[in-house]
Trainee: 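Structure incoming, see below.
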Amino acid sequence: MERYPDWASHSLGIFICLNCSGIHRNIPQVSKVKSVRLDDWDDAQVEFMAANGNNVAKAKYESKMPPFYYKPTFLDCQLLREQWIRAKYERKEFIHSEKQEPYSAGYREGFLWKRGRDNGQFLSRKFVLSEREGALKYFNKNDAKEPKAIMKIEHLNATFQPAKIGNPHGLQITYLKDNSTRNIFVYHEDGKEIVDWFNAIRAARFHYLQVAFPGASDVDLVPKLSRNYLKEGYMEKTGPKQTEGFKKRWFTMDDRRLMYFKDPLDAFARGEVFIGSKENSYKVLEGLPPSTQGNHWQHGITIVTPDRKFLFACETEDDQLEWITTFQKVISRPMLPQEYAVEAHFKHKP
C-alpha cells in the first residue's frame with residue numbers, strides 16, 4: 001500500500017490506496033469507500049475509523065492466513081490484488097480456514113486453457129496437482145491414462161504474466177526438463193480459479209520445502225515458493241565466436257538463469273547463461289569490445305564469466321542501464337551451495 005493513502009473504507013475501518021479503492025468499490029456490499037480529503041465524514045464514521053484501522057483489520061481478517069498464500073503489493077497485477085481483497089474481506093477466507101480447501105488440500109484438479117506449443121491456440125486441458133506424487137501433470141485428452149507432462153514440484157514456478165500472454169488471467173508455469181527450462185502458458189476465465197491454482201502450487205512448494213529443509217522457518221521458505229522474473233525484454237546477442245551477426249532475442253532473467261527465446265511465448269529457451277557472483281569471477285561491463293561488429297543496437301553490455309564473454313546490445317540507454325543494474329544485483333549476491341551444482345551443470349552442457 002502507498003505510504004499516505006488518500007482513500008478509506010468506512011465500513012471496514014481501513015485506509016487504502018487509489019488502486020485498491022477501485023477494487024473495494026466493486027464490492028459495495030462489503031466495503032464503502034470515501035476520499036479522506038474530498039468527501040464529507042460524519043462523526044460516527046470518524047469514530048469507527050479511529051476505533052479500528054488497518055492493524056485491527058489485519059488481526060481480524062488475516063487471523064488464519066496460511067503462510068504460503070501470496071500477499072500482493074501495489075506492484076502486482078490487478079487480478080492478484082482483486083482476488084486478495086475479495087478473499088480477505090468478501091469471502092473471509094482467512095477467518096474461516098475451511099474456505100481455504102481449494103488451495104490447501106494438497107490435491108487439486110481441473111481444466112485450464114493452455115497455449116499450444118506449435119500453433120499458439122489455447123485449448124482446454126486437464127491439470128492435476130498432487131503433493132503426494134510431488135508433481136503437477138496435464139493431460140491432452142480427458143480420458144488419457146498417461147499425462148502429456150509431469151512437472152516436479154521441486155522445480156516448479158508460477159508467475160502471472162497478463163501482458164505477455166495477452167489475457168488478464170494469464171499465468172506462466174515453468175519447470176525443468178533435462179535441466180533446461182520449459183514454459184507453459186495457461187489461463188482460466190474465472191479469476192478466483194486461476195489464483196487458487198497459483199496458491200495451490202505455492203502450498204505444494206511450501207510443504208515440499210518443509211520436508212527438504214526441516215530446520216528452516218516459514219520466513220526462510222516463503223520467498224522460495226514462487227518468484228517473479230528479475231527482468232524481461234529484447235536484446236541483441238551474438239554467438240560464442242563473436243563473429244556471427246547479432247540477432248534480436250527475448251531475454252528472461254530468472255534468478256541466476258539468463259534465458260533467451262526467439263519469441264516471448266516460446267516453450268523452450270534457445271539458450272541459457274548461468275550468472276554467478278563476483279567472488280567467482282563473474283562481472284558485467286558497459287559497452288562492447290572495440291572490434292565488435294554486426295550489432296544494430298548501439299548500447300552494449302558485456303558479461304564476463306570464468307569461461308567466456310557474452311555480448312549483448314540494447315535498443316535504448318534506459319534498457320541498457322536497467323539490464324546492467326539487474327545483472328549487477330545478481331553478481332553482487334554470494335552464491336549458495338546448491339547454486340554451485342547448477343553452475344557445474346552449465347559448464348558441462350553439450
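From a predicted model like this one, the values you see are computed outputs, not experimental measurements.
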Trainee: Can E133 and Y107 be counted as having a side-chain donor-acceptor contact under 3.5 angstrom?
Mentor: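 Their side chains do not contain a donor-acceptor pair, so the 3.5 Å distance test is not met.
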
Trainee: Determine whether more than 12 heavy atoms belonging to other residues, nucleotides or ligands lie under 6.0 Å from atom NZ of K309.
Mentor: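 For K309, atom NZ is not crowded (no more than 12 foreign heavy atoms under 6.0 Å).
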
Trainee: For A216, does its backbone N or O pair with a side-chain atom of D220 as donor and acceptor, under 3.5 Å?
Mentor: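 The answer is no, because no donor-acceptor pair under 3.5 Å joins these two groups.
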
Trainee: Between CZ of R227 and CG of D254, what distance do you get to the nearest 0.5 Å?
Mentor: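 Nearest 0.5 Å value for the CZ-CG distance: 4.0 Å.
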
Trainee: Could you tell me if the ring centre of F268 sits under 6.0 Å from that of F261?
Mentor: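 Centroid distance F268-F261: not below 6.0 Å, so no.
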
Trainee: Is there a path of hydrophobic side-chain contacts, each under 4.5 Å between heavy atoms, that joins V284 and F246?
Mentor: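 No; F246 is not reachable from V284 via cluster members.
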
Trainee: Please tell me if the side chains of P264 and Y234 come closer than 4.5 Å, counting only heavy atoms from C-beta onward.
Mentor: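 SC-SC contact between P264 and Y234 confirmed.
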
Trainee: For F48 and L12, which heavy atoms make the closest approach, and how far apart are they?
Mentor: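 Closest pair (atom of F48, atom of L12, distance): CE2-C, 3.8 Å.
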
Trainee: Using a 6.0 Å cut-off, check whether atom NZ of K177 has over 12 heavy atoms from anything other than its own residue.
Mentor: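 Incorrect, the count does not exceed 12.
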
Trainee: Compute both the distance and the angle, then confirm whether K237 meets the cation-pi test with Y260: under 6.0 Å from the six-membered ring centre, within 45 degrees of the axis.
Mentor: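 Relative to the ring axis of Y260, which defines the angle, K237 lies inside both limits.
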
Trainee: Heavy-atom count check: over 12 atoms from other residues, nucleotides or ligands less than 6.0 Å from K164 NZ?
Mentor: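 Yes.
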
Trainee: Please determine if K262 forms a cation-pi arrangement with W250, meaning its NZ or CZ atom is less than 6.0 Å from the six-membered ring centre and no more than 45° off the ring axis.
Mentor: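 No.
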
Trainee: Please assess Q320 against I301 for the test side-chain contact (heavy atoms from CB on, under 4.5 Å), listing each intermediate value before the final yes or no.
Mentor: CA-CA 7 Å; Q320 178 196 39; I301 299 173; 4.0 Å; yes

Trainee: Which residue in the set L171, L265, L112 passes side-chain contact (heavy atoms from CB on, under 4.5 Å) when paired with F185?
Mentor: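 Of all the options given, the one that passes is L265.
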
Trainee: Could you check whether E193 pairs with R108 (Lys NZ or Arg NE/NH1/NH2 to Asp/Glu carboxylate O, under 4.0 Å)?
Mentor: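 Yes.
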
Trainee: Evaluate the side-chain proximity of D318 to H299: yes if any heavy-atom separation is below 4.5 Å, no if none is.
Mentor: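 Result no, sub-4.5 Å side-chain heavy-atom pair not found.
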
Trainee: In this structure, would L209 and M151 fall into the same cluster of hydrophobic residues linked by side-chain contacts under 4.5 Å?
Mentor: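 L209 and M151: one cluster.
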
Trainee: Can you check side-chain contact (heavy atoms from CB on, under 4.5 Å) on I153 and H207, steps first, answer last?
Mentor: CA-CA 10 Å; I153 286 168; H207 298 137; over 6 Å; no

Trainee: For W113, does the six-membered ring have the charged nitrogen or CZ of R125 within the cation-pi criterion, i.e. under 6.0 angstrom from the centroid and within 45° of the normal?
Mentor: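 That pair does not qualify as a cation-pi contact.
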
Trainee: Report yes if some heavy atom in the side chain of L176 is under 4.5 Å from a heavy atom in the side chain of R182; otherwise report no.
Mentor: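 Contact flag for L176/R182 side chains = no.
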
Trainee: Does any part of the side chain of F122, heavy atoms only, come nearer than 4.5 Å to the side chain of N167, both counted from C-beta?
Mentor: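 With C-beta onward as the side chain, the pair stays apart.
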
Trainee: Is V330 linked to L285 within one hydrophobic cluster, defined over Ile, Leu, Val, Met, Phe, Trp and Tyr using a side-chain heavy-atom separation of less than 4.5 Å?
Mentor: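 In one cluster: no.
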
Trainee: Using a 4.5 Å cut-off on heavy atoms from C-beta on, say whether the side chain of I275 contacts that of I331.
Mentor: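 They are in side-chain contact.
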
Trainee: Within this structure, what is the CD-CZ distance for the pair Q100 and R91, rounded to the nearest 0.5 Å?
Mentor: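 Q100 atom CD to R91 atom CZ measures 11.5 Å (nearest 0.5 Å).
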
Trainee: If you count heavy atoms of other groups shown closer than 6.0 angstrom to CG of D42, is the number above 12?
Mentor: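 Enclosed.
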
Trainee: Would you say the side-chain atoms of N199 pair up with the backbone N or O of Y70, donor to acceptor, closer than 3.5 Å?
Mentor: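 Side chain of N199 to backbone of Y70, a donor-acceptor pair under 3.5 Å: yes, one is there.
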
Trainee: What I'd like to find out is whether the side chain of S9 reaches to under 4.5 Å of the side chain of I14, using heavy atoms alone.
Mentor: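 Contact flag for S9/I14 side chains = yes.
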
Trainee: Is the charged tip of K34 near the ring of W7: under 6.0 Å from the six-membered ring centre and within 45° of its axis?
Mentor: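 The answer is no; the distance or angle limit is not met.
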
Trainee: Is there a donor-acceptor pair closer than 3.5 Å between any side-chain N or O of R333 and the backbone N or O of S277?
Mentor: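 Not a single qualifying donor-acceptor pair exists.
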
Trainee: Give a yes-or-no answer on whether the side chains of Y340 and Q338 include a donor-acceptor pair shorter than 3.5 Å.
Mentor: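 Looking only at side-chain atoms, Q338 and Y340 do not form any donor-acceptor pair under 3.5 Å.
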
Trainee: As a quick check of understanding, evaluate side-chain hydrogen bond (donor to acceptor under 3.5 Å, both in side chains) for E343 and Y282, giving each step before the final call.
Mentor: CA-CA 12 Å; E343 180 189 41; Y282 289 83; 2.7 Å; yes

Trainee: Please determine whether the number of non-hydrogen atoms from other residues, nucleotides or ligands lying under 6.0 Å from atom CD of Q29 exceeds 12.
Mentor: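 Check passes, neighbour count above 12.
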
Trainee: Does R257 offer a backbone N or O that forms a donor-acceptor pair with the side chain of D255 under 3.5 Å?
Mentor: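 Checked: no pair found.
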
Trainee: For E236 and K248, what are the C-alpha separation, side-chain angles and deciding distance, and is it a salt bridge (Lys or Arg N to Asp or Glu O under 4.0 Å)?
Mentor: CA-CA 4 Å; E236 290 183 334; K248 181 180 169 184; over 6 Å; no

Trainee: Hey, are the side chains of F310 and T302 touching, using non-hydrogen atoms and a 4.5 Å cut-off?
Mentor: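 Counting from C-beta outward, F310 and T302 never come under 4.5 Å.
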
Trainee: Please determine whether the number of non-hydrogen atoms from other residues, nucleotides or ligands lying under 6.0 Å from atom CD of E317 exceeds 12.
Mentor: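 At most 12 heavy atoms, drawn from other residues, nucleotides or ligands, come within 6.0 Å of this atom.
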
Trainee: Would you give the length of the straight line joining atom OH of Y208 to atom NE2 of H155, rounded to the nearest 0.5 angstrom?
Mentor: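 Taking OH in Y208 and NE2 in H155, the distance rounds to 6.5 Å.
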
Trainee: Looking at every non-hydrogen atom in both residues, tell me the closest pair between T174 and Q172 and how far apart they are.
Mentor: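 Where T174 meets Q172 most closely, the heavy atoms are CG2-NE2, 3.8 Å.
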
Trainee: Check the hydrophobic clustering (I, L, V, M, F, W, Y; side-chain heavy atoms under 4.5 Å; chains of links allowed) and say if F198 and I85 are grouped together.
Mentor: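 Linked within one cluster.
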
Trainee: Over all heavy atoms of both residues, which pair between P5 and V36 is shortest? Give the atoms and the distance, please.
Mentor: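 It is O-CG2, 4.3 Å.
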
Trainee: Grab the two heavy atoms, one from P334 and one from E339, that are nearest each other, plus how far apart they are.
Mentor: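 The answer is O-OE1, 4.2 Å.
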
Trainee: Would Q210 and D218 count as a side-chain contact (heavy atoms from CB on, under 4.5 Å) if you check the C-alpha gap in whole Å, the side-chain angles of each, and the deciding distance to 0.1 Å?
Mentor: CA-CA 8 Å; Q210 281 182 313; D218 290 357; 4.2 Å; yes

Trainee: Going only through I, L, V, M, F, W and Y residues with side-chain contacts under 4.5 Å, is there a path from Y229 to I173?
Mentor: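 Shared cluster, no.
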
Trainee: Check whether more than 12 heavy atoms from other residues, nucleotides or ligands sit under 6.0 Å from atom CD of E62, and answer yes or no.
Mentor: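 Enclosed.
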
Trainee: Would you say H296 has more than 12 foreign heavy atoms packed within less than 6.0 Å of its NE2?
Mentor: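 No - once you tally the heavy atoms of other residues, nucleotides and ligands closer than 6.0 Å, there are 12 at most.
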
Trainee: Exactly one of K58, K99, K60, K88 should register a side-chain contact (heavy atoms from CB on, under 4.5 Å) with F94. Which one does?
Mentor: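 The side-chain contact (heavy atoms from CB on, under 4.5 Å) with F94 is passed solely by K88 among K58, K99, K60, K88.
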
Trainee: Under the criterion side-chain contact (heavy atoms from CB on, under 4.5 Å), I'd like the reasoning laid out for V195 against Y69: C-alpha separation, chi angles, the key distance, then a yes or no.
Mentor: CA-CA 10 Å; V195 173; Y69 196 96; 4.2 Å; yes

Trainee: Locate the shortest heavy-atom distance separating C314 from D319; write the atom from each residue and the value.
Mentor: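 So the two residues come closest at CB-CB, 3.9 Å.
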
Trainee: I'd like to know whether the aromatic ring centres of F127 and F111 sit less than 6.0 Å apart in this structure.
Mentor: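 They do not qualify: ring centres at least 6.0 Å apart.
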
Trainee: Hey, do the aromatic rings of F160 and H169 have their centres closer than 6.0 Å?
Mentor: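 For F160 and H169, the ring centres are not under 6.0 Å apart.
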
Trainee: Are any side-chain N or O atoms of H188 and backbone N or O atoms of D190, one a donor and one an acceptor, separated by less than 3.5 Å?
Mentor: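 Present.
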
Trainee: In Å, rounded to the nearest 0.5 Å, how long is the span from OG of S332 to CD of E279?
Mentor: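 If we round to the nearest 0.5 Å, S332:OG and E279:CD are 8.5 Å apart.
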
